[in-house]
Amino acid sequence: MATKTIRLLFYPKAKNIKNVWVVAEGLILPFLGVLVFILMWYLISSTLAGQLPSPMSAFNTLYELIENPFYDNGPNDKGIGWQLFYSLKRVFLGFFIGSFIAIPLGIFIGLSKKLSIMFNPIVQILRPVSPLAWFPIGLAIFQASNEASIFTIAITSLWPTLINTVYGVSSIPEDYKSVAKVFGFSKYAYMRYVALLCALPFMLTGLRISIGIAWMVIVASEMLAGGTGIGFYIWDSWNSLNLNKVISAILAIGIIGYILDRIFERLQRRFAV
Amino acid sequence: MLTRRDVIKGFAVGVSTTLIGPYIAKGSSRIRIGFIPLTDCASVVVAKELGIYKKYGLDVEVYKETSWPNVRDKLLNGELTASHTLFSLSLSVYTGIGGPKGKIIPILMNLNFNGQGITLSNKFKGKVGFRDIQNVKKVIEEVKAKAGECTFAMTFPGGTHDIWLRYWLGACGVNPNRDVRVIPNPPPQMVANMKVGRMDGFCVGEPWNAVAVKEGVGFTHLATQDLWKNHPEKVLAFNYEFLKAHPQEVEAVMKAVLEAAKWCDNMENRRELAKILSQAKYINAPVDALESRLLGIYDLGIGKHTYKDDYMVFFKGGQVPFPRKSHAIFFLAQFKRWGMVKEPLDYKGIADKIIMQDIYVKVAKDLGIPIPKDDMRPLSGFIDGVIFNPKDPEGSISKYKIKEA
């Protein structure tokens with residue numbers, strides 16, 4: 001089961017593959033890409049930017065951090081595994097809250113042309129606001145920094161889901177609507193069997209973008225909130241001018257972001273009609 | 001195969017555990033004390049490290065915070081029971097300069113005197129020396145003529161570093177409001193900006209001035225004890241609601257911190273203190289960046305200087321911890337001097353509200369710590385030679401050559 005999950009996550013097309021070359025290509029090309037990136041990084045760190053740690057020293061630090069990811073030396077010094085765990089917890093909570101607001105609201109707005117026109121400007125105004133700006137608002141509402149960072153994640157990540165859901169619901173083909181009318185669907189049945197199903201692929205696209213944003217926002221909001229999490233970890237490492245740790249954390253964030261995206265891509269494939 | 005139902009179930013389990021989890025953990029009645037990773041957080045941290053809080057029957061956890069605004073917000077909303085903070089942060093909040101006006105963050109005791117510094121960028125090297133305030137104005141003019149502006153940084157609007165920076169500029173004959181740009185900035189950003197030539201000077205606590213010297217981005221122009229010998233700096237402030245609800249726990253915390261302060265003040269313990277503070281969970285800096293300045297030995301980046309008795313002090317036979325209303329009035333008068341507060345100030349009234357002297361006196365008596373009798377006496381030892389009379393703040397302001405209005 002586990003190997004199957006991993007295979008499905010990373011090589012979604014693998015079951016169709018007969019040709020070994022294609023598999024090899026799928027492995028070698030990404031590897032080459034990474035190699036080119038590291039080479040560029042090395043060149044920049046050794047020529048233009050002397051202050052930037054080299055890939056070797058950064059990977060060394062990353063290795064040290066990963067070696068013992070779950071040590072716990074009091075609330076101010078925990079392993080990188082704990083930091084990522086706290087961050088993921090906040091991200092999922094914020095993302096779920098955001099989605100629980102975005103999806104029903106999106107369906108509601110999408111069903112009526114008037115509502116879409118009514119809410120469009122406010123959505124467009126709030127959508128591009130940076131997480132750094134939302135944090136103090138969250139703090140004023142909840143009077144607690146953990147809740148404020150979850151609020152920040154929820155409110156910055158809900159827009160793609162909302163917009164995609166509205167679009168999905170509002171672009172239900174006329175034929176479907178007619179069929180529903182002919183068969184005398186109740187309002188609930190229409191929502192459940194027509195609107196929701198038609199909008200699902202769009203929603204999933206929105207959710208995939210949203211989880212990406214939620215994960216991106218966590219660093220900014222934890223830098224402001226303090227305490228635990230990968231964002232505070234970066235702040236604290238910067239405070240001690242330890243760029244190796246900052247880069248290691250960036251790599252860890254990137255890898256987890258990639259895994260999250262893959263999971264949502266799978267969901268998308270599974271439910272896309 | 002993954003079905004819709006599975007996904008929904010998974011979502012539900014995920015949400016419920018993440019929602020309920022924190023509340024299960026929240027049960028304990030811990031006292032949460034905040035600190036910013038600076039050398040002068042010593043006594044708060046040492047009381048934890050040496051088990052002194054426990055000795056007084058307290059279940060205390062210390063939390064590293066990101067910035068002064070962060071400390072302010074958590075002290076106001078009760079996320080922190082108490083915190084290592086800037087003396088004038090409390091006054092800045094109360095007067096509305098750096099926080100919600102009229103909100104009280106009570107000051108229970110001082111944590112230290114001295115030990116901050118003013119770092120100047122390499123542009124000043126060779127032109128301005130150690131404690132040499134006569135030549136500063138000329139070089140600032142030069143920098144402005146070349147670059148268009150001259151930028152100085154401090155850590156919090158109305159905070160102690162803001163006041164020291166302004167006091168220093170004033171003593172140099174420079175008006176901080178009109179002649180230069182003064183901005184709040186987190187310390188690492190100050191060092192980074194100075195490195196690329198976009199920051200000309202900053203006032204900040206140690207180890208940051210030592211770090212700037214070590215990184216070669218600037219030099220220590222003076223330590224703040226050169227500006228005002230034995231000046232108040234960091235304090236132990238509490239969440240106001242907690243103070244009213246749990247007076248006994250507040251006293252116990254103060255007793256533990258006082259005992260730790262005594263330990264920190266012993267010069268024989270300072271090397272070990274540097275080692276404790278340097279750990280990743282506290283300041284997270286190399287020991288040598290902390291140790292020498294704790295011992296009073298300053299590598300200025302333009303030579304060396306050894307402070308004999310006015311290095312960073314934490315206790316000094318009870319001289320340090322006693323919170324003085326005259327100090328509060330001094331800071332308020334500086335707000336007024338620079339036009340940071342426009343309306344008339346009730347100096348004594350505000351000091352009475354913020355400085356919880358009675359509680360300190362009671363605690364000190366319990367521990368047999370002598371109480372200084374110098375509160376409300378004229379303050380002296382300033383670099384510009386001005387004597388500040390806390391009984392006549394407005395009259396004292398008129399003595400300054402450089403001021404607003």
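Every chain is numbered from 1 and lettered A, B, ... according to where its sequence line falls, protein lines coming before strand lines.
For the set B/Glu61, B/Lys281, B/Glu65, B/Lys195, the entry with the most heavy-atom pairs within less than 4.5 Å of chain A is B/Lys281. Between chain B and the residues A/Ser99, A/Pro136, A/Ser240, the most heavy-atom pairs under 4.5 angstrom are made by A/Ser240. Listed options A/Ile150, A/Asn242, A/Asp77, A/Leu139 were ranked by heavy-atom pairs under 4.5 angstrom with chain B; first place goes to A/Asp77.
Residue-environment remark: OH (B/Tyr56) exceeds the threshold of 12 foreign heavy atoms within 6.0 Å. A/Trp41 CH2: more than 12 foreign heavy atoms inside a 6.0 Å radius. Annotation for A/Phe70: atom CZ counts as buried by contact number, over 12 foreign heavy atoms lying within 6.0 Å.
With a threshold of 4.5 angstrom between heavy atoms, A/Trp238 approaches chain B through its backbone and through its side chain. If you measure heavy-atom distances from B/Pro186 to chain A, the contacts under 4.5 Å come from the side chain alone. Both the backbone and the side chain of B/Gln189 come within contact range of chain A, judged by heavy atoms closer than 4.5 Å. Looking at B/Val211, the atoms closer than 4.5 Å to chain A (heavy atoms on both sides) all sit in the side chain, from C-beta outward. Residue B/Lys48: no heavy atom, backbone or side chain, is found under 4.5 Å from chain A.
Although no hydrogens or angles enter the test, the distance criterion places a donor-acceptor pair under 3.5 Å between the side chain of B/Asn70 and the main chain of A/Ala225. Between the A/Asn76 side chain and the B/Lys64 main chain, a donor and an acceptor come within less than 3.5 Å of each other.
In this structure the side chain of A/Asn239 reaches within 4.5 angstrom of the side chain of B/Trp208, judged on heavy atoms.
In this structure, CG on B/Asn77 lies 9.5 Å from CD on A/Glu147, to the nearest 0.5 angstrom. Rounded to the nearest 0.5 Å, atoms CD (A/Gln143) and CG (B/Leu76) are 8.5 Å apart.
The shortest non-hydrogen separation linking B/Glu79 to A/Asn146 is OE1-N, 4.4 Å.
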